[in-house]
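I have a structure I would like to understand better, so I am pasting it below and will then ask my questions one at a time.
Predicted, not measured: the structure shown is a model, and the values here were computed from it. Throughout, numbering of the chain's residues begins at 1 and tracks the sequence.
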Amino acid sequence: MCFLIMDNVSNVRSFILVGFNETTNYRVPLLLATLLYYCVILIINIALILIIVLDENLHEPMYILLSSFCINALYGSTGFYPKFLLDLLSSSHRISYEGCLLQAFIMYSFACSDLSILAVMAFDRYLAICRPLHYHSFMTKRRLSQLVCFSWLTPFCIFFLNILITSRLKLCDIKIQRVLCLNWLIIKLACPEADTFRKNISAYVTFIAYLSHWLFIVWTYMHLIKTCVRSREDRVKFMQTCVPHLISLMTFLFVLVFDPVYMIFGSTRLPQSLQNFITIEFLIIPPVMNPLIYGFKLTKIRNRILGLVCFKRKSIPSKLRVS
């Protein structure tokens, strides 16, 4: 019966998210913790975006790219957390075929948009520190817009083609062994006789595209470090603006590499709950960690936040005196 249902990929109308099987005993605490965490993600990212948008002193390339970073965090988080919360409330952990492909697209485009934005940020820091005389003439509003569009459109186009190729695969199972849809999880359900040549080609193209991103970031930091060694002023600038970027890079590298590594070295030995956590690390750590790092480390944003906090503290007593 199963093979009759799976005889054609068009007959697959939904998937079962098996990763929720071990959440039944602690569904309520997990629901409350996830809801609180999602609210934290929304608040700190939206707050940082509003601070940058409303303060004209922050209308500089570095801060515009940071706001793009926060928008991407909202995009990726919203692609996962609302569905995850609904599944915790439901006894049936199903997702439609189209919804699964859409979520897989959002997850991959979110993760790789982060890397593209980090690459553009590295280029911005390279120009500001290594080529300061050419910075303002090169980093115009038009050029900045082009770079932001590049950081969003490149992963969108690449992963649209990936998901399109995945949608053409003939599937022989409907059970996804996690709490969300990812492209590689859908591909694992493909029938043995399915044509995977185009899938392999798209995987190599994606790997090469984002390996080039990493190589470019390494190249920029080689020049940054070489330049900063010569000047104390440049070293101060590096510590203020590049350290948050480096922390974001290391965080991104850790959460994205950890999942494939544990898959290769025997993921079936780990409990299902731990497998789920490792898979969704990129949706847990960066969306909160990145805005906090930039908010506390970048002087202009930190001063703006402290100014708002001090203003509110001063305004409260005056209101009490009037009453």
Side-chain angles (χ1 to χ4, degrees), residues 6 9 12 14-22 75-77 79-81 83-84 87 93-116 154-211 213-214 252-286:
M6 300 299 167
V9 69
V12 179
S14 65
F15 295 100
I16 300 172
L17 298 173
V18 180
F20 283 98
N21 290 349
E22 293 190 6
Y75 162 72
S77 301
F80 169 71
Y81 285 100
K83 177 67 172 67
F84 182 74
D87 283 328
H93 307 128
R94 285 183 172 268
I95 184 169
S96 68
Y97 178 79
E98 295 80 8
C100 192
L101 290 176
L102 177 61
Q103 188 178 59
F105 170 77
I106 292 172
M107 294 301 99
Y108 278 87
S109 58
F110 153 68
C112 290
S113 289
D114 259 8
L115 181 54
S116 295
T154 301
F156 272 49
C157 293
I158 290 174
F159 286 103
F160 177 78
L161 293 174
N162 273 267
I163 296 299
L164 187 63
I165 291 169
T166 301
S167 69
R168 306 300 300 169
L169 291 176
K170 186 178 180 181
L171 306 180
C172 284
D173 198 358
I174 60 171
K175 293 182 179 179
I176 292 179
Q177 303 297 323
R178 294 293 186 274
V179 294
L180 79 167
C181 289
L182 295 173
N183 198 35
W184 67 268
L185 292 171
I186 302 171
I187 291 170
K188 284 181 70 176
L189 306 179
C191 299
E193 70 275 12
D195 178 20
T196 57
F197 175 75
R198 288 177 295 178
K199 170 186 72 69
N200 291 332
I201 291 295
S202 67
Y204 288 133
V205 169
T206 305
F207 175 77
I208 291 170
Y210 286 97
L211 177 62
H213 279 57
W214 279 110
F252 180 88
L253 182 63
F254 174 78
V255 299
L256 249 67
V257 170
F258 197 72
D259 187 30
V261 167
Y262 100 88
M263 280 170 49
I264 294 169
F265 294 102
S267 62
T268 54
R269 299 177 183 177
L270 298 176
Q272 181 66 54
S273 56
L274 184 56
Q275 292 182 44
N276 289 333
F277 174 77
I278 293 171
T279 304
I280 63 174
E281 270 185 313
F282 72 106
L283 292 159
I284 297 174
I285 300 173

Q. Would you call the rings of Trp214 and Phe252 parallel, tilted or perpendicular, where under 30° means parallel and over 60° means perpendicular?
A. tilted
Q. Who are the ring-ring contact (aromatic ring centres under 6.0 Å, His included) partners of Tyr75, not counting sequence neighbours?
A.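 Expected list: Phe156.
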Q: Could you list the residues that satisfy side chain to side chain contact (heavy atoms under 4.5 Å, CB included) with Ile208, not counting sequence neighbours?
A: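 None.
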**Q.** Heavy-atom closest contact (Leu283 atom, Met107 atom, distance)
**A.** CD1-SD, 3.5 Å
Q: Would you please name every residue forming a ring-ring contact (aromatic ring centres under 6.0 Å, His included) with Phe84, sequence neighbours left out?
A: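 Only Phe20, Phe80 meet the ring-ring contact (aromatic ring centres under 6.0 Å, His included) criterion with Phe84.
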Q. Ile95: what forms a side chain to side chain contact (heavy atoms under 4.5 Å, CB included) with it, not counting sequence neighbours?
A.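 Once residues adjacent in sequence are excluded, the partners of Ile95 under the side chain to side chain contact (heavy atoms under 4.5 Å, CB included) criterion are Phe15, Leu17, Lys83, Cys100, Gln103, Cys181.
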(Q) If you compare all heavy atoms of Arg94 against all heavy atoms of Ile16, which two are closest, and at what distance to 0.1 Å? (A) NH2-CD1, 3.7 Å
Q. Under the side chain to side chain donor-acceptor pair (under 3.5 Å) test, which residues partner His93, sequence neighbours left out?
A.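 Side chain to side chain donor-acceptor pair (under 3.5 Å) list for His93, sorted by chain: empty.
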Q. Do any pairs count as a salt bridge (Lys or Arg N to Asp or Glu O under 4.0 Å) and have a residue in residues 101-111, sequence neighbours left out, and if so which ones?
A. none
Q: Go through the structure and list residues passing side chain to side chain donor-acceptor pair (under 3.5 Å) with Thr206, not counting sequence neighbours.
A: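 Asn162.
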Q) Out of curiosity, Ile176 CD1 to Ser14 OG, how far, rounded to the nearest 0.5 Å? A)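 Rounded to the nearest 0.5 Å, the CD1-OG separation comes to 10.0 Å.
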Q: Flag the pair Thr154 / Tyr210 as yes when at least one side-chain heavy-atom distance between them is below 4.5 Å, and no otherwise.
A: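 Contact flag for Thr154/Tyr210 side chains = yes.
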Q: Write down the atom of Ser109, the atom of Pro155, and the distance for their closest heavy-atom approach.
A: O-CB, 4.0 Å
Q) Nearest 0.5 Å, what's the CG-CZ distance between Leu115 and Phe110? A) 12.0 Å
Q: Could I get the full list of side chain to side chain contact (heavy atoms under 4.5 Å, CB included) partners for Ile284, not counting sequence neighbours?
A: Tyr37, Tyr81, Phe277, Ile280
Q. Residues in side chain to side chain contact (heavy atoms under 4.5 Å, CB included) with Leu101, at least two apart?
A.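 Listed in chain order: Tyr97, Ile163, Thr166, Ser167, Ile186.
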Q. Any side-chain heavy atom of Val179 sitting closer than 4.5 Å to one from Asp87?
A. no
**Q.** Minimum side-chain heavy-atom gap Ile158-Tyr108 below 4.5 Å
**A.**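 Ile158 vs Tyr108: side chains apart.
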Q) Where is the tightest heavy-atom contact between Leu185 and Arg178, given as atom of each residue plus distance? A)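 Nearest heavy atoms, Leu185 then Arg178: CD1-CG, 3.5 Å.
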Q. What is the distance from atom CD1 of Ile165 to atom CZ of Phe160, rounded to the nearest 0.5 Å?
A.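 Ile165 atom CD1 to Phe160 atom CZ measures 10.5 Å (nearest 0.5 Å).
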Q: Check step by step if side chain to side chain contact (heavy atoms under 4.5 Å, CB included) holds for Asp173 and Lys188.
A: CA-CA 9 Å; Asp173 198 358; Lys188 284 181 70 176; over 6 Å; no
Q | Smallest separation among heavy atoms of Gln177 and Val18, with atom names | A |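 So the two residues come closest at OE1-CG1, 3.7 Å.
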**Q.** Under the side chain to side chain donor-acceptor pair (under 3.5 Å) test, residues paired with Ser116 that sit two or more places apart
**A.** His213
